[in-house]
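Notes follow the structure.
Here is the naming used below: chain letters follow the sequence lines, and residue numbers restart at 1 for every chain.
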Amino acid sequence: MSLENQESEAQLESEEEKQDSQEKNSNPVKAEEAKLKAKYPNLGQKPGGSDFLMKRLQKGQKYFDSGDYNMAKAKMKNKQLPATGPDKNLVTGDHIPTPQDLPQRKSSLVTSKLAG
Amino acid sequence: MAGVGGGNDFQWCFSQVKGAIDEDVAEADIISTVEFNYSGELLATGDKGGRVVIFQREQESKNRPHSRGEYNVYSTFQSHEPEFDYLKSLEIEEKINKIRWLPQQNAAHFLLSTNDKTIKLWKISERDKRAEGYNLKDEDGRLRDPFRITSLRVPVLMPMDLMVEASPRRIFANAHTYHINSISVNSDHETYLSADDLRINLWHLEITDRSFNIVDIKPANMEELTEVITAAECHPHQCNVFVYSSSKGTIRLCDMRAAALCDRHTKFFEEPEDPSSRSFFSEIISSISDVKFSHSGRYMMTRDYLSVKVWDLNMENRPVETYQVHEYLRSKLCSLYENDCIFDKFECCWNGSDGAIMTGSYNNFFRMFDRNTRKDVTLEASRESSKPRAVLKPRKVCTGGKRKKDEISVDSLDFNKKILHTAWHPKENVIAVAATNNLYIFQDKIN
């Protein structure tokens, strides 16, 4: 390549860089969006849409199948079934929940500290 | 230094702080709602543990003319308990989402408190007299043998130590499939509305086994769900009008005279979006977390993630005023999405004259905007500035490179210290600010 071409290429590149940084300055939100997409490439075809709404509607859902539980208890004499991992709050079908695993649903019988 | 809320030379001072000082905050102690009653004499708080604490302002005494009445504990009770819906495998939190007072009609006070599924009407009454000298029972309550009674006496009312009792008078249950986000008492003082993610119901305060569904935005196919109801409120004077806001940043005003089911709005408020600024975050940050009518009923205010907007009910195509709460967060949206802070629901409130508005932010900061002077101020609720009558010093967040001495940089903000709930006394310059598990009360400086 001739010297002239190299110089013009270098010029083009630095111009693009300038444009990029200008865009970032003028639109920080676009920069943030780019960051997010880089981290999570599969994230939402529907921006902020259905997935997040469905999650909101399903808040509080806990799954416990008493049938599975009792069947497993009966079989447990022979086999050691996988016990719960460190995250005791997630009770899914993978392991058999025991009463100790389920988070306690006690009401606060203690008076509020605001009234103290 | 000119402040906000009452003209020149206006300054906010620390008055009181309630709650524990310990670093380890129990989840149950997190305050989830704050509300003054109509006179401002009572201040109610609800927490994640399902408890309600009511404070009462003490009468101004001649001995201490410089302190406006302080708020002291009046009553506290367990409003809601945790429940489990076995049929739907759904855990129901006891967290109090909202408290709304009823206008006072007799000596007792009434309030509505709600968690995700059930609304309760509580009566708070005082007892300062006790009857003594019954005919049929002893002083300690044991029944007397009626055949041994030979004379008749009239029981006498004797004074006793003041006892404040809270009793649940109505329980409004089983009307919401989704999570209740708002309740609002109607100006007719007979009905109120409750709103969940997809539906709004109208209740009569006397009737618990029936409610009318007035808005239903549930699509036939849940896959088509694009927006949810985020807040709803009754108009302060027109008992036929209410508004509800959505996760898409729109507000619909409905007139209950138009139809039994208000699926078709009477007015639709939406600010046109600049298409060039559209991003993944646009819809999330436009979601309205709170809507409040002004006391006059002429305006309404909405809070979205970054701003507060005032709308004139007569103009649907854009707000009349927009106030930036923490614009510097725009360059932090990625991490705020990752730590879920972008979904935080901030509330907002008007002062009694509708001349000023207030809303919370992070780092225990809260913001006030004076609509007349267009001045705004950032203040902090912290134990450091909690000496009695200490004037609150305005705070500033620095966004650029050079940080001035008293400024705090965006990266140093504590996003776990969120002020989501604030309340302004209906008549005076007294505000209540909930900072996680602590309740701060600030007053204007008496010059």
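A pairwise comparison of heavy atoms in B/Asp197 and A/Arg56 identifies OD1-NE, 2.9 Å as the closest pair. B/Val53 and A/Ala115 make their closest contact through CG1-CB, 4.1 Å (heavy atoms, listed as atom of the first residue, atom of the second, distance).
Neither the backbone nor the side chain of B/Tyr86 has a heavy atom closer than 4.5 Å to any heavy atom of chain A. Contacts between B/Phe343 and chain A at a heavy-atom distance below 4.5 Å involve the side chain alone, from C-beta outward. Residue A/Lys39 touches chain B through its side chain alone, counting heavy-atom pairs closer than 4.5 Å. For chain A, the nearby parts of B/Ser331 are the backbone and the side chain; heavy atoms of each come within less than 4.5 Å. In this structure, chain A has a heavy atom under 4.5 Å from the backbone of B/Ser276, while its side chain stays farther away. Residue B/Asn72 does not touch chain A at all, counting heavy-atom pairs closer than 4.5 Å.
With values rounded to the nearest 0.5 angstrom, A/Ser112 atom OG is found 10.0 Å from B/Gln78 atom CD. Taken to the nearest 0.5 Å, the CG atom of A/Asn27 stands 8.5 Å off from the CZ atom of B/Arg330.
By the 4.5 Å heavy-atom criterion applied to side chains, A/Glu32 and B/Leu336 are not counted as neighbours.
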*Check the pair A/Val29, B/Phe280 against side chain to side chain contact (heavy atoms under 4.5 Å, CB included), reporting the backbone distance first and the verdict last.*
CA-CA 9 Å; A/Val29 182; B/Phe280 174 84; over 6 Å; no
_From CA spacing to verdict: side chain to side chain contact (heavy atoms under 4.5 Å, CB included), B/Ile31, A/Leu114_ = CA-CA 9 Å; B/Ile31 300 170; A/Leu114 289 183; 3.9 Å; yes
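Between the side chains of A/Tyr40 and B/Glu338, a donor-acceptor pair is found at a separation under 3.5 Å.
A salt bridge between B/Glu93 and A/Lys59 is present, with a side-chain N of the basic residue lying under 4.0 Å from a carboxylate O of the acidic one.
Side-chain atoms of A/Lys113 never come within 3.5 Å of backbone atoms of B/Lys18 as a donor-acceptor pair (strictly under, hydrogens ignored). Remark: side-chain polar atoms of A/Glu33 are not paired, donor with acceptor, to backbone N or O of B/Ser279 under 3.5 angstrom.
If you tally non-hydrogen atom pairs under 4.5 Å between each of B/Val73, B/Asn438, B/Val52 and chain A, the highest count goes to B/Val73.
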